[in-house]
J.: 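Can you read through this structure? Questions will come right after.
Heavy-atom basis, side chains included; hydrogens, waters and symmetry copies ignored.
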4 protein chains.
Amino acid sequence: MAPTTRQPAEHPDPPAAVPPPPARGKGRPRSAAADLAILDATREALAELGWGGLTMGDVAQRAGVAKTTLYRRWPSKSELVVDAIASLFDQLECADHGSLQADIEAVVARFAELLSLPETQAALLALFAEGTRDLHLRRRIRERIVQPQKVLVQLGLANAQARGEMDPELDPAGAEEEIDIIFDTIAGTVEHRLLVSGEPVTPDWVRRFATLLLNPFPGLLH
Amino acid sequence: MAPTTRQPAEHPDPPAAVPPPPARGKGRPRSAAADLAILDATREALAELGWGGLTMGDVAQRAGVAKTTLYRRWPSKSELVVDAIASLFDQLECADHGSLQADIEAVVARFAELLSLPETQAALLALFAEGTRDLHLRRRIRERIVQPQKVLVQLGLANAQARGEMDPELDPAGAEEEIDIIFDTIAGTVEHRLLVSGEPVTPDWVRRFATLLLNPFPGLLH
Amino acid sequence: MAPTTRQPAEHPDPPAAVPPPPARGKGRPRSAAADLAILDATREALAELGWGGLTMGDVAQRAGVAKTTLYRRWPSKSELVVDAIASLFDQLECADHGSLQADIEAVVARFAELLSLPETQAALLALFAEGTRDLHLRRRIRERIVQPQKVLVQLGLANAQARGEMDPELDPAGAEEEIDIIFDTIAGTVEHRLLVSGEPVTPDWVRRFATLLLNPFPGLLH
Amino acid sequence: MAPTTRQPAEHPDPPAAVPPPPARGKGRPRSAAADLAILDATREALAELGWGGLTMGDVAQRAGVAKTTLYRRWPSKSELVVDAIASLFDQLECADHGSLQADIEAVVARFAELLSLPETQAALLALFAEGTRDLHLRRRIRERIVQPQKVLVQLGLANAQARGEMDPELDPAGAEEEIDIIFDTIAGTVEHRLLVSGEPVTPDWVRRFATLLLNPFPGLLH
DNA sequence: TGATAAACGAGACGGTACGTCAGGTCTTAAT
DNA sequence: ATTAAGACCTGACGTACCGTCTCGTTTATCA
């Protein structure tokens with residue numbers, strides 16, 4: 001979560017599902033402006049310098065803030081970047097486009113759009129890489145970045161069911177694994193195409209990919 | 001390519017598609033043993049410390065070699081790791097298991113196996129992340145890691161055609177894009193499942209994934 | 001000058017003839033203890049290892065200080081050594097021993113004593129050698145090491161005049177060159193004897209040398 | 001000694017007063033041209049880069065010679081520089097100018113001239129500094145550089161005696177110390193003036209210095 | 001209104017790793 | 001056996017960031 005809301009205690013880790021009581025402490029309250037400035041500076045620096053080039057000192061300077069202020073809020077570079085990037089994923093949504101194919105295409109296109117931003121390009125894989133080792137970070141990433149996407153898949157399937165495109169008896173419990181597999185496929189494929197293969201995601205590619213998912217393998221006899 | 005074969009010039013970058021003339025340089029030849037020791041040490045250190053914990057000095061020490069010897073061969077940590085990891089991908093192969101479904105399952109399982117090695121876990125995403133910025137590195141990664149996998153897909157489809165499972169008129173030229181899409185899907189999905197979602201790749205999952213690729217979306221009416 | 005007094009700006013080069021306004025810088029103030037520890041460690045290391053064996057890393061370790069702290073204060077090994085050695089020359093003084101001959105003998109003996117310390121032995125010529133190329137360093141050396149000695153010569157001559165040993169009309173302006181020549185002679189000769197010829201400076205030698213300066217060449221007829 | 005004459009054995013340390021028998025070794029003879037080229041290159045590099053800037057690799061390259069060839073002849077940088085510089089001191093001589101004053105002035109002027117060469121400036125003090133620690137080097141320096149100067153002083157005094165300027169009974173044995181003192185004075189003073197004080201040695205200064213040595217202190221009453 | 005307390009900027013601190021460089025040794029093939 | 005070439009090990013270099021700390025200052029709440 002963006003640490004904008006004051007946390008009297010330490011680092012703002014806990015999900016804070018319940019917004020903590022304002023907890024008006026005694027001292028000087030944390031500057032909300034600083035948080036925004038820092039996150040903006042982080043995104044800017046990411047787009048400019050990439051993950052490797054990003055330094056805490058530089059972010060602090062861009063944000064017009066002391067390094068101490070950064071560390072008071074985020075315990076490490078990775079956590080800072082999670083929050084800086086995560087907000088971009090808040091805009092994901094899944095309108096009903098009338099067919100499962102159309103919905104999938106929309107989701108894929110929107111996700112590809114996000115992954116084409118310089119700051120996301122620079123940060124996403126690096127974050128995932130760090131998450132490979134740091135369990136705590138991995139949890140943060142899942143909450144803030146992965147989960148919002150997964151929800152879209154669930155929503156899309158629910159919509160399809162509602163439209164009568166799908167067998168209405170699948171979802172409730174047993175489809176859990178099916179959702180996972182579809183989600184990993186969509187997210188992983190788009191990431192791999194854009195960030196590893198380095199090829200663009202065109203509308204045509206989106207259509208073909210969605211078709212591959214929904215239909216029998218093209219050219220396959222029987 | 002592994003820099004084992006001496007390169008009279010600088011870093012052993014060029015693909016050297018044509019095996020360079022033995023190029024008997026004048027001075028003392030580079031020690032082939034050193035190359036092997038370094039690559040081994042790199043894999044060992046990767047598995048132990050992860051990407052972030054890997055330092056050139058440490059690798060040099062493990063390999064019983066001076067730091068300068070590392071830098072004489074690889075210009076950076078990333079390039080070294082590409083070569084260290086790449087050799088693991090050389091073992092990929094695509095035996096004919098009798099059906100496209102079986103072949104795909106075999107490839108996916110083998111790839112997942114590779115991605116489960118500690119050294120690969122630690123390195124792969126980090127490499128991809130670096131490649132996002134460094135064009136030269138990206139080329140190296142593609143040549144040494146991505147391409148060997150892609151070849152498997154081509155092989156698999158050719159085998160399917162030979163077995164008569166597929167329309168024999170698809171392959172030659174037009175399927176280029178189809179191969180890309182399938183490849184990104186297989187590679188991306190497995191990576192995402194293992195390294196991002198952090199879920200294991202079980203035989204059951206492999207079967208379901210292959211089924212998803214080859215058949216209509218499960219539960220989809222019409 | 002010893003960089004003990006904080007300088008808000010960069011390296012503490014300027015003579016700071018005017019004691020700088022307390023210059024309460026904004027950040028954490030430099031540790032005065034660190035300066036002392038570093039200079040002590042430098043002298044210790046010099047005496048032990050000599051100029052060539054002295055390394056910044058070793059000094060830092062002896063002083064219980066990070067290498068960066070050294071470089072924050074002194075831009076190079078030479079400048080550090082100048083300051084470390086210079087303080088030893090602060091103790092030079094010129095008491096009135098009743099005659100010019102006695103005064104010269106005292107100065108020579110005291111200077112020889114300084115040059116016999118292991119740390120001075122190791123450092124002085126090396127410093128002078130570096131000063132040959134580095135103009136800035138040469139200035140530092142002159143201010144901190146050479147000048148204090150020269151002052152002694154001036155004092156000695158003034159005392160002699162006051163005692164009526166010398167023509168009272170010489171000093172004011174014209175003697176400038178005379179002072180230079182005497183100074184170079186005393187300093188150069190003692191250095192050469194001790195550091196190049198490698199012979200000791202005994203009281204007898206001191207007496208003979210002072211006699212040579214003040215009287216006609218021994219054995220010379222007329 | 002310049003290692004120009006072939007030494008089949010190891011480093012050319014021994015004085016080799018007697019030119020060793022040609023000693024036709026078995027293999028390829030050492031290139032005499034290489035020695036000259038190396039010494040020239042050393043002097044050139046010294047004048048250009050100073051002691052600190054001089055590297056064995058650079059000298060080898062300038063001389064068109066492999067580094068190995070350098071080390072086969074000289075065991076270290078300092079020893080190489082001693083030989084490179086020493087030859088310059090071979091030209092010192094002491095013609096009889098008719099008076100002790102004139103002879104001293106000539107010697108001082110000639111020595112100052114030598115010390116004004118860029119290569120000497122760069123090397124002399126550095127050599128002396130190294131000699132402070134390395135006993136072997138100090139011996140080499142004394143033989144090749146210091147001794148030739150000291151001989152001049154002896155010669156000058158002998159000439160003065162022959163001319164009847166000096167008490168003829170002083171020299172033979174007892175003057176040993178006197179010669180040392182005069183020598184240290186002349187050499188040390190000129191070095192200090194040129195290399196430490198950084199002032200030029202003008203004819204006027206030479207005259208004043210010689211006068212100081214031979215006559216009572218100027219301005220001294222009685 | 002004044003004490004208390006926390007956040008703030010600045011920047012020094014001890015560290016660790018970096019990538020480079022020079023010294024001096026060695027292993028080649030060629031002479 | 002010596003040569004030129006150049007790889008090798010060693011170890012210091014000076015720099016860059018890290019994350020922590022210590023200052024003096026500012027801004028709020030509570031008494």
J.: Between the two end axes of the helix from E:dT1-F:dA31 to E:dT31-F:dA1, each built from 5 base pairs, what angle do you get to the nearest 10°?
T.: 10°
J.: Mind checking what makes side chain to side chain donor-acceptor pair (under 3.5 Å) contact with C:S76, not counting sequence neighbours?
T.: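 With neighbours one apart ignored, the set is empty.
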J.: Could you tell me which residues satisfy side-chain contact (heavy atoms from CB on, under 4.5 Å) with A:T42, sequence neighbours excluded, listed by chain and number?
T.: A:I38, A:L46, A:V59, A:L80, A:V81, A:A84
J.: What residues form a side-chain contact (heavy atoms from CB on, under 4.5 Å) with C:A47, not counting sequence neighbours?
T.: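 C:P118, C:E119.
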J.: Rounded to whole angstrom units, what separation is found between the CH2 atom of A:W74 and the C1' atom of F:dC18?
T.: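 Rounded to whole Å, this separation is 18 Å.
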J.: Test of understanding: with salt bridge (charged side-chain N to carboxylate O under 4.0 Å, His left out), list the residues that count as partners of B:R43, not counting sequence neighbours.
T.: B:D40
J.: Send over the distance from B:E79 CD to E:dG19 P, rounded to a whole Å.
T.: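 Between P of E:dG19 and CD of B:E79: 12 Å.
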J.: Under the side-chain contact (heavy atoms from CB on, under 4.5 Å) rule, collect the residues that match up with B:T55, sequence neighbours excluded.
T.: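 Only B:D58 meet the side-chain contact (heavy atoms from CB on, under 4.5 Å) criterion with B:T55.
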J.: Show me the pairs that pass side-chain hydrogen bond (donor to acceptor under 3.5 Å, both in side chains) and involve residues 44-54 of chain D, at least two apart or across chains.
T.: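 Output for this query lists D:E44-D:R62, D:E48-D:R62.
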J.: Separation of C:L80 atom CG from F:dA12 atom P, in whole Å?
T.: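 To the nearest whole Å, that distance equals 16 Å.
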J.: From the list E:dC26, F:dT15, E:dA7, which nucleotide is the closest neighbour of the side chain of C:Y71?
T.: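 Nearest to the side-chain atoms of C:Y71, counting from C-beta on, is F:dT15.
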J.: Among all residues two or more places apart in sequence or in another chain, which pass the side chain to side chain donor-acceptor pair (under 3.5 Å) test with D:T69?
T.: none
J.: For DNA chain F, find the residues of residues 57-68 of chain C with a heavy-atom distance under 4.0 Å and give them by number; none if there aren't any.
T.: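 Going residue by residue through residues 57-68 of chain C, the ones with a heavy atom under 4.0 Å of DNA chain F turn out to be C:G57, C:K67, C:T68.
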